[in-house]
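See structure below.
Proteins get letters first, then strands, A, B, ... in listed order; numbering begins at 1 in each. No hydrogens, no waters, no symmetry mates; every other heavy atom, side chains included, goes into these values.
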Protein chains: 2
Amino acid sequence: MTEKIDSVDLKILKILQEDAKKTTKEVANILNLTASPVYERIRRLEKKGYIKKYVALLDKKLTNNPITALCMVSLRYHNEGFIDTFDKQIRALPEVQECYHMAGKVDFFLKINVQSLDAYHEFVRLKLSKIDNIGVLESYFVLKEIFHTTEYHLES
Amino acid sequence: MTEKIDSVDLKILKILQEDAKKTTKEVANILNLTASPVYERIRRLEKKGYIKKYVALLDKKLTNNPITALCMVSLRYHNEGFIDTFDKQIRALPEVQECYHMAGKVDFFLKINVQSLDAYHEFVRLKLSKIDNIGVLESYFVLKEIFHTTEYHLES
DNA sequence: CGTGAAAACTGTGAGTC
DNA sequence: GACTCACAGTTTTCACG
């Protein structure tokens with residue numbers, strides 16, 4: 001069903017996850033091919049879901065989101081309904097960039113970007129804490145973003 | 001120096017951070033403009049650093065990175081040299097997708113993607129713990145990625 | 001910001017190995 | 001099955017008004 005991809009596909013993925021603006025022609029040149037097979041391979045990788053989407057990455061500070069907070073959330077009750085509800089409510093918050101359901105004491109892990117510490121205060125006060133069933137809520141602030149990539153390690 | 005961007009620029013950023021494959025023509029249609037001004041605005045947003053890069057987002061599982069771990073690192077000593085060294089060494093690890101220097105007890109926060117728990121074990125054993133000056137190292141595992149976007153909340 | 005035109009790219013069909 | 005080649009239709013890029 002999901003046949004494995006070959007080494008050419010892998011190279012295409014490596015190139016595109018680093019620079020999606022490379023044209024099929026440029027990719028073809030790197031791989032010593034012509035544009036057509038590369039074009040078809042990319043279409044296939046998109047259709048099979050290897051490539052999920054193409055996005056522009058923006059500057060955090062210039063777009064007025066200099067503050068990044070990491071937030072650990074524990075729910076009070078843990079039945080299925082509450083977890084799904086949390087899921088739906090958290091997706092609706094545009095300040096939240098990542099949300100993971102965790103193994104261990106903490107239930108959810110959030111990464112949040114806002115314009116100021118005041119804004120974070122308001123975010124917690126007016127939005128996060130309004131979500132039902134939140135027990136413990138612990139926030140940690142980023143002093144400096146050392147490193148951030150959307151690339152995965154591609155091997156085999 | 002860095003003049004503010006206007007509401008048209010902001011709309012362009014919103015569109016492109018959601019779908020970088022939209023053509024200037026499509027963007028122009030949405031904004032009731034022609035392609036040229038949109039083209040020039042995008043160039044300017046790139047040059048001024050609002051748009052950092054264009055990337056393809058890949059599927060974590062299909063690319064053999066189903067395991068995500070969050071890892072808190074505390075250094076033993078905290079002089080400048082050690083922090084810079086940690087910075088350099090951590091960038092060299094392709095499994096690490098995000099690294100933040102934190103305020104508080106924990107010094108660094110890492111997000112790591114690997115193909116298996118065994119691979120994570122090896123990653124810690126052979127790579128992370130080889131970095132000088134690491135004191136405490138605590139790992140948390142993601143059960144389920146609820147939500148993950150590269151988009152920022154754009155306002156004003 | 002719009003017009004318009006040249007250059008480059010995309011996407012597809014026909015044919016090769 | 002994957003490739004090369006050829007080509008029409010789009011898009012990009014940019015000078016000019």
Remember a base hit wins even if backbone is also touched, and classify A:R41 as base, sugar-phosphate or nothing at under 4.0 Å, heavy atoms. sugar-phosphate
From the list D:dT4, C:dT10, C:dC1, which nucleotide is the closest neighbour of the side chain of B:P37? C:dC1
When you get a sec, tell me which of C:dG11, D:dT12, D:dT4 is the closest nucleotide to the side chain of B:T24? D:dT12
Charged N-O contact under 4.0 Å between B:K111 and A:E98: yes
Interatomic distance, B:N29 CG vs C:dG2 C1' [rounded to whole Å]: 14 Å
A:S36 near the nucleic acid: base, sugar-phosphate alone, or nothing, with a heavy-atom cut-off under 4.0 Å? base
Tell me whether the side-chain N/O atoms of A:Y39 come closer than 4.0 Å to OP1 or OP2 in C:dT10. no
Checking contacts here: which listed nucleotide (D:dC5, C:dT10, D:dT13) is nearest the side-chain heavy atoms of A:T34? D:dC5
Between CG of B:L16 and P of D:dT12 the distance, given in whole Å, is 11 Å
To the nearest angstrom, how far is A:K21 atom NZ from C:dA8 atom P? 18 Å
Lys/Arg N to Asp/Glu carboxylate O, B:D6 vs B:R41, below 4.0 Å: yes
Could you tell me the separation between the CD atom of A:E40 and the P atom of D:dG1, rounded to a whole number of Å? 13 Å
Does A:R91 come within less than 4.0 Å of A:D87, counting only side-chain N to carboxylate O? yes
Atom-to-atom span, CD of B:E26 to P of D:dT10 - whole angstrom: 13 Å
Which residue is it: A:T24, A:T23, A:V8? I am looking for the one with a side chain to side chain contact (heavy atoms under 4.5 Å, CB included) to A:V38. A:T24
Would you kindly give the NZ-to-P distance between A:K25 and C:dA8, to the nearest whole Å? 7 Å
Write down the distance between CG (A:D6) and P (D:dC3), rounded to a whole number of angstrom. 8 Å
Atom CZ of B:R43 and atom C1' of C:dC1 are separated, to the nearest Å, by 18 Å
Please confirm whether the ring centroid of B:Y100 lies under 6.0 Å from the ring centroid of B:F108. no
